[in-house]
Amino acid sequence: MDKKTEIIKINPQAIDADTIARAGVILKKGGLVAFPTETVYGLGGDATNPEASHKIYAAKGRPSDNPLIVHISNAKALEKIVTETPQAAYTLMKRFWPGPLTMIFRKNERIPYETTGGMETVAVRMPSDPIARALIDASTGYIAAPSANISGRPSPTQAEHVAQDLGGKIDMILDGGAVHIGLESTIIDLTEDVPIILRPGYITLEMLREVLGEVRVDPALIAADSDQKPKAPGMKYRHYAPKANLKVVEGETDAVVQAINRMCKELTVQKKKVGILATEETKERYSQGIVISMGARDDEEAIARHLYGSLRQFDEWGVDEILSESFTTAGIGQAIMNRLLKAAGHQVWEV
Ligand code: TXA
Ligand code: MG
């Protein structure tokens with residue numbers, strides 16, 4: 001802990017202008033401010049300042065080849081940092097911005113290589129969260145912001161998670177309460193002939209195909225255990241992971257519950273502390289272990305919102321092993337399973 005991190009509560013419905021102005025000055029001077037977005041909390045620094053990007057990597061302990069997303073608050077800002085804006089971008093902007101969609105473009109010299117991990121392309125997102133938007137307006141207009149967690153840990157969905165990971169390492173945390181979505185933005189690369197999804201999120205493949213027509217999915221995402229190198233450098237790391245060992249049990253619900261009960265019993269005999277990631281329908285059916293219900297099975301938005309917080313909660317309780325039910329891959333379910341399987345290092349039990 002080498003610096004004092006100021007944590008300031010801020011009401012998204014009545015944003016305090018002085019607080020935002022102060023946070024904006026910190027960013028303009030090259031400092032770091034964590035802030036809420038609709039997806040997860042971000043660790044913000046001035047995207048046009050190489051020093052600020054260095055500080056972001058250092059605070060997170062993030063490999064420097066893993067590029068940052070640049071956050072903007074208006075469409076004009078985009079044209080100033082990219083070499084060209086393909087037609088597809090205008091279509092997507094109109095439909096999904098502001099919101100949980102990140103697009104990848106060829107960058108110009110205004111965005112330094114320090115921000116893009118040495119890449120010629122830049123990822124850009126216009127968040128919808130009012131605090132994030134006010135902060136961008138109070139900054140240079142370009143905030144580089146990865147998720148505000150220590151690299152490899154679950155992304156933060158509330159300010160307390162940011163404080164746990166980055167307290168003492170950054171200048172300020174804006175506490176705007178719990179986020180709405182809980183999983184990181186969908187990433188789509190527009191630099192190829194056919195747009196390609198590099199990370200699934202709230203904006204689904206179906207939604208993107210509906211407006212764009214042909215859209216591909218990075219093959220590394222489909223066969224995540226293959227040796228295919230993902231196009232988004234960050235997707236190659238064992239990510240989103242709790243300290244405990246996590247296994248996902250896949251199959252028909254009754255069989256999954258039975259298998260988890262059996263596995264939990266064995267682990268308990270071995271004196272392991274076991275956490276179970278369950279749902280409203282199943283939570284009463286586990287006889288041992290610490291059970292967290294993330295929501296009703298058909299309420300995928302609730303499950304998305306509670307996933308990372310639940311993984312962190314198990315860590316706090318000192319759980320050794322986490323056993324998780326699996327979920328359908330419809331809609332945002334695809335993003336849920338992508339993150340869950342990554343957190344599990346692809347340890348899946350089929351029953
Ligand atoms: O929802 C979000 O996107 C959150 C909030 C804070 O906006 N941000 C976020 O950032 O998730 P981060 O840094 O945790 O994840 C960014 C991902 C990484 O997997 C990175 O490799 C990829 O985006 N990425 C960034 N720039 C890229 C580029 N030019 N080409 C390919 N992938 C890129
Ligand atoms: Mg991240």
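We count ligands from 1, going down the list as the structure has it; atoms in each ligand are counted the same way. Here, residue 1 is the first one in the sequence, and each next residue gets the next number.
Between D165 and R312, at least one side-chain N (NZ, or NE/NH1/NH2) sits under 4.0 Å from a carboxylate O, which counts as a salt bridge. Under a 4.0 Å N-O distance rule, the pair E280/K283 qualifies as a salt bridge. Between D218 and R199 no salt bridge is recorded (no basic side-chain N to carboxylate O distance below 4.0 Å). Using a cut-off of 4.0 Å between Lys/Arg side-chain N and Asp/Glu carboxylate O, D320 and K273 are scored as not salt-bridged.
The A145 neighbourhood of ligand 1 comprises atoms 6 (C), 8 (N), 10 (O), with distances under 4.0 Å to a heavy atom of that residue. Listed by number with element, the atoms of ligand 1 under 4.0 angstrom from any heavy atom of R199 are 2 (C), 3 (O), 9 (C), 11 (O), 15 (O), 16 (C), 17 (C). Residue G42 has at least one heavy-atom neighbour below 4.0 Å for each of these atoms of ligand 1: 6 (C). Near N66, meaning under 4.0 Å from any of its heavy atoms, are these atoms of ligand 1: 18 (C), 20 (C), 21 (O). Atoms of ligand 1 found under 4.0 Å from any heavy atom of P233, numbered from 1 in the order shown, are 21 (O), 31 (C), 32 (N). Of all atoms in ligand 1, listed by their number and element, those nearer than 4.0 Å to a heavy atom of T121 are 28 (C), 29 (N), 30 (N).
Checking only distances, T39 does come within under 3.5 Å of ligand 1, N or O to N or O. Residue contacts with ligand 1: S185 is placed with a nitrogen or oxygen under 3.5 Å of a nitrogen or oxygen of the ligand (distance criterion only). Ligand 1 has no nitrogen or oxygen under 3.5 angstrom from a nitrogen or oxygen of Y41.
For the Mg ion (ligand 2), the N/O/S atoms of S147 include one lying under 2.8 Å.
Contacts with ligand 1 closer than 4.0 Å are made by side-chain heavy atoms of H71 only, the backbone lying farther away. At a heavy-atom distance under 4.0 Å, only side-chain atoms of M119, from C-beta outward, approach ligand 1.
Which of P36, G118, P67 comes nearest to atom 25 (C) of ligand 1 through a heavy atom is settled by distance: it is P67. Nearest to atom 9 (C) of ligand 1 by heavy-atom distance, out of A132, G44, S147, is S147. For atom 30 (N) of ligand 1, the nearest non-hydrogen atom from the set I104, V179, T191 belongs to I104. Remark: among candidates E120, R125, R62, K107, the nearest residue to atom 13 (O) of ligand 1 is R62, based on non-hydrogen atoms.
For atom 32 (N) of ligand 1, the closest non-hydrogen atom of the protein is A232 CA, 3.3 Å. In this structure, the protein non-hydrogen atom closest to atom 19 (O) of ligand 1 is G234 CA, 3.2 Å.
The local environment of OH in Y142 is crowded, with over 12 non-hydrogen atoms from other residues, nucleotides or ligands closer than 6.0 Å. Other residues, nucleotides and ligands place more than 12 heavy atoms under 6.0 Å from the CD atom of E281. Atom CZ of R106 has 12 or fewer neighbouring heavy atoms from other residues, nucleotides or ligands inside a 6.0 Å radius.
Following chains of ILVMFWY side-chain contacts shorter than 4.5 Å, one can reach M294 starting from I336, so the two form part of one hydrophobic cluster. L221 and I203 fall within the same hydrophobic cluster, defined by Ile, Leu, Val, Met, Phe, Trp and Tyr side-chain heavy atoms under 4.5 Å apart, directly or through other members.
Of the residues listed (R339, K342, R125), the one engaging E184 in a salt bridge (Lys or Arg N to Asp or Glu O under 4.0 Å) is R339, and it is the only one.
In this structure, K107 forms a cation-pi arrangement with Y113, its terminal cationic atom sitting closer than 6.0 Å to the ring centre and no more than 45° off the ring axis.
The shortest heavy-atom distance from I187 to ligand 1 is under 4.0 Å.
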Inset, instruction - Begin with the C-alpha distance, continue with both residues' side-chain angles, and end with the deciding distance and a verdict on side-chain hydrogen bond (donor to acceptor under 3.5 Å, both in side chains) for S185 and T102. - result: CA-CA 6 Å; S185 61; T102 296; 2.7 Å; yes
